[in-house]
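Structure first, then comments.
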Amino acid sequence: QVQLVESGGGLVQAGGSLRLSCAASGRTFSSYTMGWFRQAPGKERDFVARISSGGGSTYYADSVKGRFTISRDNARKTMYLQMNSLKPEDTAVYYCAAGSSIGTMTYDYWYWGQGTQVTVSS
């Protein structure tokens, strides 16, 4: 089992940058595929990006490709999401998640953090 805690959210102007972190506890972080999802008010939780257990494979939603970068440090049991060129439509609660597959659906992930708010002003 793994517990996940996100941090790094906040308020930023359009065009700005933020880096989210997801700190994990438990001994098996390096065995999990990790993902980022986001949920805007009144909308479903959507896939943002995922990274394989070893970090060698990444995949992004089209809406963030070229602007966001997912990475992980297994020694520090931490995953990151570098978000550049932020847009108002990126405003959402961002969640990190851990699972065993390379899927992009919420049901592919077993463990979830509590979320961190990202607000992008225009």
How far apart are the closest heavy atoms of T78 and A23, and which atoms are they?
-> OG1-CA, 4.3 Å

Less than 4.0 Å between a side-chain N and a carboxylate O, is that true for D108 and R50?
-> no

Checking R72 side chain against G55 main chain: does a donor-acceptor pair fall under 3.5 Å?
-> no

Distance, nearest 0.5 Å, that separates CD of Q82 from CG of L20 = 9.0 Å

Within the side chain of S21, is there an N or O that forms a donor-acceptor pair under 3.5 Å with the backbone of S7?
-> no

hydrophobic_cluster_shared for V2 and M34, side chain cutoff 4.5 Å = yes

Stepwise, does the side chain to side chain contact (heavy atoms under 4.5 Å, CB included) test hold for R38 with L81?
-> CA-CA 12 Å; R38 66 186 181 186; L81 186 69; over 6 Å; no

Between A98 and L4, which heavy-atom pair has the shortest distance, and what is it?
-> N-CD1, 3.8 Å

Rounded to the nearest 0.5 Å, how far does OG1 of T28 lie from NZ of K77?
-> 8.0 Å

Closest heavy-atom pair and its distance - S122, A14 = CA-CB, 4.4 Å

To the nearest 0.5 Å, what is the distance between CG (D90) and OG (S63)?
-> 7.5 Å

What orientation do Y94 and F68 show, parallel under 30°, tilted 30 to 60°, or perpendicular over 60°?
-> tilted

Exam field: side chain E6 to backbone Q114, donor-acceptor pair closer than 3.5 Å = yes

Of all the heavy-atom pairs spanning I51 and M79, show the shortest one and how long it is.
-> CG2-SD, 4.1 Å

Pair D62 + K65, salt bridge at N-O below 4.0 Å | yes

Residue set satisfying side-chain hydrogen bond (donor to acceptor under 3.5 Å, both in side chains) with Q3, at least two apart, ordered chain then number -> S25

Sequence neighbours excluded, the answer for ring-ring contact (aromatic ring centres under 6.0 Å, His included) partners of F29 is none

Pairing residues for Y95 by the ring-ring contact (aromatic ring centres under 6.0 Å, His included) criterion, not counting sequence neighbours | none

Side-chain heavy atoms under 4.5 angstrom apart, residues restricted to Ile, Leu, Val, Met, Phe, Trp, Tyr: same cluster for V12 and V93?
-> no

What heavy-atom pair brings G9 and V118 nearest, and what distance separates the two atoms?
-> CA-CG2, 4.1 Å

same_hphob_cluster(V48, Y80) at 4.5 Å side-chain heavy-atom cutoff | no

Spacing of CD1 belonging to I102 relative to OH belonging to Y59, to within rounding of 0.5 Å | 10.0 Å

Provide the closest heavy-atom pair for Y60 versus A49 in the form atom of the first, atom of the second, distance.
-> CD2-CB, 3.6 Å

Out of F37, F47, W36, which one pairs with Y109 under the ring pair (Phe, Tyr, Trp, His ring centres under 6.0 Å) rule?
-> F37

So, does T91 use its side chain to make a donor-acceptor pair with the main chain of V120 at under 3.5 Å?
-> yes

S17 OG to R19 CZ distance, which is reported to the nearest 0.5 Å = 12.0 Å

